[in-house]
Amino acid sequence: MKDGIRITDEIAVIRHDSDRYMSQLHRHAQAQLLYATEGVVAVTTESGTWVVPPNRAVWLPAGLAHVTASHAGIRFRSLLIDSAGLARFLDRCRVVEVTPLLRELILKLVALTETPGNREVAEAVIRLLMLEMAFLPVQPLDLPTPKHPGLAALCARIRCDPARPHAIAAAAAELAMSRATFMRLFQRETGLSFGRWCQQARMLHALPLLAEGRAILDVALDCGYDSPSAFAAVFRRSLGRPPSVYFRAPQSENDAATRYMPPVLART
């Protein structure tokens, strides 16, 4: 299916292991389920960035232009799925935690690439996988990108230096707006308040650092927090778990999904 490699009519599997990775802007004719097994991978589209830590997966609808990147060691697996006629279930990007059921469905699809020919079974598993994805809680791992050129440039600078304080008054003055106008425009463009967006940028900046094994104190300072306790409190409030256990997989899960992935077939 990709680069001339055809697995089945419905499914292809992609595997990528690397110290660092950056794709070109590209798109797939199929929907893509990208599953991080080690490290943190970021998927960026024109509307925002989705960050995928280990044991999470991001769904990308078919035809969506995106860039895939990591800043350190990464292992990720992707399924390219023919979702024609099923796209109504998942028509937007989303990051979810890989539950035991989702993991088993991924395994089943991988197995079907090794024994092609049963289209009805493949379509049934794909439908069930998409339903499971649709019902899973969406993980708060995205950062919207505003379309307004001034706001987009401001947000890009903040992402490059999330530790630096960014006051609303200063940001509004930089764009020659009143404070009220700036706040209304930012909320309308991103769906978040300016303060919440900056906080989310810090949390997503922290994830690759934590995945590398950096000390929580170092990560807290790198993200602009005065103490690890303050950082941990915001992290838990934002992402649902303290940073010390965020990358720990539930005990009921195992590494079967990664052990049985086929050899490298293509790059994303």
Side-chain angles (χ1 to χ4, degrees), residues 14-23 32-45 48-60 66-78 93-100 102-103 106 136-143 158-163 198-225 227-259 261 264 267-268:
I14 296 171
R15 172 175 177 161
H16 189 90
D17 300 340
S18 177
D19 291 334
R20 190 178 180 130
Y21 181 71
M22 172 70 78
S23 77
Q32 182 181 17
L33 180 64
L34 189 154
Y35 169 38
T37 60
E38 290 183 14
V40 176
V41 61
V43 176
T44 300
T45 73
T49 297
W50 284 258
V51 175
V52 191
N55 301 307
R56 279 79 174 175
V58 62
W59 174 268
L60 288 83
H66 62 282
V67 172
T68 306
S70 72
H71 299 290
I74 184 68
R75 296 179 66 205
F76 66 80
R77 309 291 181 260
S78 291
C93 289
R94 62 173 61 201
V95 177
V96 299
E97 190 156 2
V98 178
T99 62
L102 183 57
R103 186 184 295 269
I106 291 171
L136 288 174
V138 176
Q139 299 288 299
L141 294 170
D142 64 297
L143 193 65
I158 293 173
R159 292 201 64 184
C160 289
D161 187 11
C198 291
Q199 177 179 294
Q200 183 76 345
R202 294 188 188 102
M203 294 303 100
L204 299 189
H205 177 75
L207 288 175
L209 304 180
L210 292 169
E212 292 171 14
R214 296 268 297 273
I216 292 178
L217 172 60
D218 294 338
V219 177
L221 295 176
D222 200 66
C223 291
Y225 291 89
S227 69
S229 59
F231 165 72
V234 175
F235 189 99
R236 182 167 189 168
R237 192 162 58 246
S238 298
L239 301 183
R241 296 180 188 173
S244 57
V245 302
Y246 187 79
F247 293 104
R248 189 179 303 164
Q251 292 184 357
S252 61
E253 297 182 4
N254 54 55
D255 197 36
T258 60
R259 286 203 305 269
M261 285 294 179
V264 175
R267 288 176 176 266
T268 52

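All values below come from the heavy atoms of this structure, side chains included, with hydrogens, waters and symmetry mates left out.
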Restricting to non-hydrogen atoms, name the atom on [X] and the atom on [Y] that form the minimum distance, rounded to 0.1 Å.
X	Y	answer
Pro137	Val96	O-CG1, 3.9 Å
Arg241	Glu97	NH2-OE2, 2.7 Å
Val95	Val52	CG2-CG2, 4.5 Å
Ser70	Val40	CB-O, 3.5 Å
Ala220	Ser227	CB-O, 3.9 Å
Gly39	Ile74	C-CD1, 3.6 Å

Nearest-0.5 Å distance that lies between atom [atom1] in [X] and atom [atom2] in [Y]:
X	Y	atom1	atom2	answer
Leu60	Leu34	CG	CG	7.5 Å
Arg94	Leu141	CZ	CG	13.0 Å
Thr44	Trp50	OG1	CH2	8.5 Å
Cys93	Trp59	SG	CH2	10.5 Å
Ile106	Arg77	CD1	CZ	11.5 Å
Glu38	Asn55	CD	CG	10.0 Å

>> Assess the residue pair Leu102 and Tyr35 against the criterion (side chain to side chain contact (heavy atoms under 4.5 Å, CB included)); give the C-alpha distance rounded to whole Å, side-chain angles, the decisive distance to 0.1 Å, and a yes or no.
In response: CA-CA 11 Å; Leu102 183 57; Tyr35 169 38; over 6 Å; no

Residues two or more places apart in sequence or in another chain: which of them pass side chain to side chain contact (heavy atoms under 4.5 Å, CB included) with [X]?
X	value
Pro243	Leu210, Ile216, Phe231, Ala232, Phe235
Val67	Met22, Ser23, Leu25
Arg159	Thr49, Leu143, Trp197

> Are any side-chain N or O atoms of Gln200 and backbone N or O atoms of Asp142, one a donor and one an acceptor, separated by less than 3.5 Å?
Replying inline: yes

>> Could you check whether any side-chain heavy atom of Thr68 comes within less than 4.5 Å of a side-chain heavy atom of Val41, counting everything from C-beta outward?
In response: yes

> Is it the case that Arg56 places NZ or CZ above or below the six-membered ring of Tyr246, under 6.0 angstrom from the centre and within 45 degrees of the axis?
Replying inline: yes

